[in-house]
Amino acid sequence: MTIAVIDYGMGNLHSVAKALEHVTHERVVITRDPRRILGATRLVLPGQGAIRDCMAELERTELRGLVQELLANQSKPLLGICVGQQMLLDHSDESGGVDCLGLFSGVVQRFPSAMVDTQGERLKVPHMGWNLVQQQQPHPLWAGVDHDEHFYFVHSYYVTAEESACVYGTTRYGHIDAHVAIGRDATFAVQFHPEKSSRAGLKMLENFINWAP
């Protein structure tokens, strides 16, 4: 088994790879070689920064077509992380509007700048730090993870998926319930960073290694 972390120039690649290596004896490679990506048994699509830059780098490295083909075929498990989740939606409002990969119907929007918490204190954007994730339905990647578990976030934009059947986890920030875990068939994607989320994040990565969709 080989787990390929797709390197298109954006994302916390080495942290993700190190976390995966911590939970498996299988080979973990960071690569942009289409042959190695196609030959891998599992794929991780990370992302960090502005989504326009991420989509532009996916085009520049000539990996967009390959990633779209893999998503369409659902031939092997794929985990999207952070902007790697946002990229799977139809469209993002960031950077004046960016069309994305379109696996999931829905949009990516910015958190409003005037949100407050339950005590009336102003909330910062980006949403940064630990927050509770509420599991909306069972999934093999939730095995051994508490229903209300803390995960680590860094993001100013959030996902709203149109199909409730695709939503596996939400996080409340201000008055918004962001869809922070979505999935279909062999694809699962999260807004939070499992590689930075201590025991719960490592457990999710271990579940991904063992997942047989």
Side-chain angles (χ1 to χ4, degrees), residues 3-20 28-34 36-38 40 42-72 74 76-111 125-128 151-162 166 169 171 173 178-184 186-197 201 204-205 208:
I3 302 105
V5 180
I6 299 173
D7 176 15
Y8 60 98
M10 305 290 290
N12 202 3
L13 306 175
H14 292 284
S15 292
V16 172
K18 288 294 183 186
L20 288 164
V28 179
V29 297
I30 299 171
T31 183
R32 62 180 58 182
D33 183 339
R36 299 185 80 182
I37 293 170
L38 287 169
R42 294 172 194 278
L43 305 170
V44 178
L45 180 68
Q48 191 167 291
I51 197 166
R52 182 177 293 279
D53 294 338
C54 288
M55 294 302 299
E57 286 299 295
L58 202 62
E59 292 277 6
R60 186 188 67 80
T61 55
E62 300 181 349
L63 290 174
R64 177 171 181 157
L66 175 60
V67 171
Q68 286 185 303
E69 178 185 338
L70 290 165
L71 291 170
Q74 295 287 311
K76 57 190 71 182
L78 181 145
L79 176 65
I81 297 175
C82 195
V83 180
Q85 182 208 29
Q86 298 178 14
M87 292 167 71
L88 301 182
L89 276 289
D90 287 327
H91 184 83
S92 173
D93 289 346
E94 189 175 0
S95 306
V98 179
D99 289 333
C100 302
L101 296 173
L103 178 66
F104 297 97
S105 297
V107 295
V108 182
Q109 300 168 289
R110 193 179 194 278
F111 284 115
V125 178
H127 171 214
M128 182 180 297
F151 287 88
Y152 189 82
F153 291 86
V154 183
H155 63 127
S156 298
Y157 288 77
Y158 67 95
V159 163
T160 302
E162 288 184 5
C166 295
T171 286
Y173 195 57
H179 295 168
V180 298
I182 58 176
R184 179 189 296 127
T187 299
F188 198 83
V190 296
Q191 178 64 66
F192 50 82
H193 289 270
E195 77 280 6
K196 298 180 180 180
S197 296
M204 173 168 276
L205 293 177
F208 173 67

Roughly how far apart are [X] [atom1] and [Y] [atom2], rounded to 0.5 Å?
{"X": "Phe188", "Y": "Leu79", "atom1": "CZ", "atom2": "CG", "result": "8.0 Å"}
{"X": "Glu69", "Y": "Leu71", "atom1": "CD", "atom2": "CG", "result": "10.0 Å"}
{"X": "Glu62", "Y": "Arg64", "atom1": "CD", "atom2": "CZ", "result": "13.5 Å"}
{"X": "Gln68", "Y": "Leu88", "atom1": "CD", "atom2": "CG", "result": "10.5 Å"}
{"X": "Leu13", "Y": "Thr31", "atom1": "CG", "atom2": "OG1", "result": "11.0 Å"}

Can you name the closest pair of heavy atoms from [X] and [Y] and give their distance?
{"X": "Tyr8", "Y": "Pro46", "value": "OH-O, 2.6 Å"}
{"X": "Arg32", "Y": "Thr61", "value": "NH1-CG2, 3.6 Å"}
{"X": "Phe192", "Y": "Ile81", "value": "O-CG2, 3.8 Å"}
{"X": "Gly106", "Y": "Asp90", "value": "N-OD2, 3.2 Å"}
{"X": "Leu43", "Y": "Phe208", "value": "O-CZ, 3.3 Å"}
{"X": "Leu63", "Y": "Pro34", "value": "CD2-CG, 4.4 Å"}

Does [X] reach the main-chain N or O of [Y] with its side chain, forming a donor-acceptor pair under 3.5 Å?
{"X": "His179", "Y": "Gly169", "answer": "no"}
{"X": "Lys76", "Y": "Leu38", "answer": "yes"}
{"X": "Arg52", "Y": "Ser95", "answer": "yes"}
{"X": "Gln86", "Y": "Tyr157", "answer": "yes"}
{"X": "Thr160", "Y": "Val107", "answer": "no"}
{"X": "Arg184", "Y": "Leu103", "answer": "yes"}

Practice task
Check side chain to side chain donor-acceptor pair (under 3.5 Å) between Thr187 and all other residues, then give those that pass, not counting sequence neighbours.
Solution key: Gln74
Are side-chain heavy atoms of [X] and [Y] found at a separation under 4.5 Å?
{"X": "Glu195", "Y": "Lys18", "result": "no"}
{"X": "Phe153", "Y": "His193", "result": "no"}
{"X": "Cys100", "Y": "Val108", "result": "no"}

Exercise for the section: Kindly indicate, with the supporting measurements, whether the criterion side chain to side chain contact (heavy atoms under 4.5 Å, CB included) is fulfilled by Val154 and Met128. Expected result: CA-CA 4 Å; Val154 183; Met128 182 180 297; 3.9 Å; yes
Problem - Partners passing salt bridge (charged side-chain N to carboxylate O under 4.0 Å, His left out) against Arg42 (at least two apart in sequence or in another chain) - result: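 By the salt bridge (charged side-chain N to carboxylate O under 4.0 Å, His left out) rule, Arg42 matches no residue at all.
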Practice task
Just say parallel, tilted or perpendicular for the rings of His127 and Phe111, cut-offs at 30° and 60°.
Solution key: perpendicular
Practice task
With side chain to side chain contact (heavy atoms under 4.5 Å, CB included) as the test, would you mind laying out the steps for Gln85 and Val159 before giving the verdict?
Solution key: CA-CA 8 Å; Gln85 182 208 29; Val159 163; 3.4 Å; yes
Handout entry: Working for side chain to side chain contact (heavy atoms under 4.5 Å, CB included), residues Tyr173 and His155
Key = CA-CA 11 Å; Tyr173 195 57; His155 63 127; over 6 Å; no
Completion exercise
The residue among Leu58, Ile37, Ile6 that forms side chain to side chain contact (heavy atoms under 4.5 Å, CB included) with Leu66 is Ile37
Exercise for the section: Test side chain to side chain contact (heavy atoms under 4.5 Å, CB included) on Ile30 and Val16 and set out the steps. Expected result: CA-CA 10 Å; Ile30 299 171; Val16 172; over 6 Å; no
